[in-house]
Amino acid sequence: MGHNYAKPATPAQRLERVLGRVPEDWEVQIERGAGSWRALVRPAGTEGTWSETSMTMVEALESAWRLNRPPSS
């Protein structure tokens with residue numbers, strides 16, 4: 001009996017997916033610390049909320065998007 005397991009997305013695929021969701025007129029800021037990353041994704045001219053520190057850049061971007069994305073309709 002076969003099993004159909006989804007193949008996990010690569011970091012490049014995850015980065016492409018999250019950046020594809022960010023509207024073109026939004027600002028994206030990324031900071032790298034000692035072994036950690038944090039990001040801010042926000043509409044231009046607004047405050048926004050920084051992500052918590054993460055081990056990878058893509059995790060920080062995904063977290064920042066979840067914090068600042070518009071509410072789903």
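Numbering of residues begins at 1 and proceeds along the displayed sequence. Fair warning: this is a prediction, and the values are worked out from it, not measured in the lab.
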| query | Is it the case that more than 12 heavy atoms not belonging to R17 sit under 6.0 Å from its CZ atom? | reply | yes
| query | Near Q29 CD, under 6.0 Å, is it more than 12 heavy atoms from other residues, nucleotides or ligands? | reply | yes
| field | Name of the residue among T49, V22, T46 meeting side chain to side chain contact (heavy atoms under 4.5 Å, CB included) with N68 | value | T49
| query | Are V41 and L15 joined in one hydrophobic group, where the rule is that I, L, V, M, F, W and Y side chains link up if heavy atoms are under 4.5 Å apart? | reply | yes
| Joint cluster assignment, V28 & L40, ILVMFWY side-chain distance < 4.5 Å | no
| task | Over all heavy atoms of both residues, which pair between Q13 and A9 is shortest? Give the atoms and the distance, please. | result | OE1-CA, 3.3 Å
| query | W50: what forms a ring-ring contact (aromatic ring centres under 6.0 Å, His included) with it, not counting sequence neighbours? | reply | none
| request: Applying ring-ring contact (aromatic ring centres under 6.0 Å, His included), name anything that partners W37, two or more places apart in sequence or on another chain. | output: none
| said: Run the salt bridge (charged side-chain N to carboxylate O under 4.0 Å, His left out) test against E31 and tell me which residues pass, sequence neighbours left out. | reply: R38
| Roughly how far apart are L19 CG and W65 CH2, rounded to 0.5 Å? | 10.5 Å
| message | For a side-chain contact (heavy atoms from CB on, under 4.5 Å) check, start with the C-alpha distance between R14 and E62, then their side-chain angles and the critical distance, and finish with the verdict. | response | CA-CA 8 Å; R14 290 173 60 196; E62 288 171 338; 2.6 Å; yes
Using a 3.5 Å cut-off and no angle test, enumerate the donor-acceptor pairs between side-chain atoms of residues 54-61 and protein atoms at least two apart in sequence or in another chain.
unit_1 : atom_1 : unit_2 : atom_2 : d
T56    : OG1    : E59    : N      : 3.2

| task | Could you list all the salt bridge (Lys or Arg N to Asp or Glu O under 4.0 Å) pairs where at least one residue sits in residues 40-52, not counting sequence neighbours? | result | E27-R42
| query | Can you list the residues that meet the side chain to side chain contact (heavy atoms under 4.5 Å, CB included) rule with S36, with sequence neighbours excluded? | reply | T53
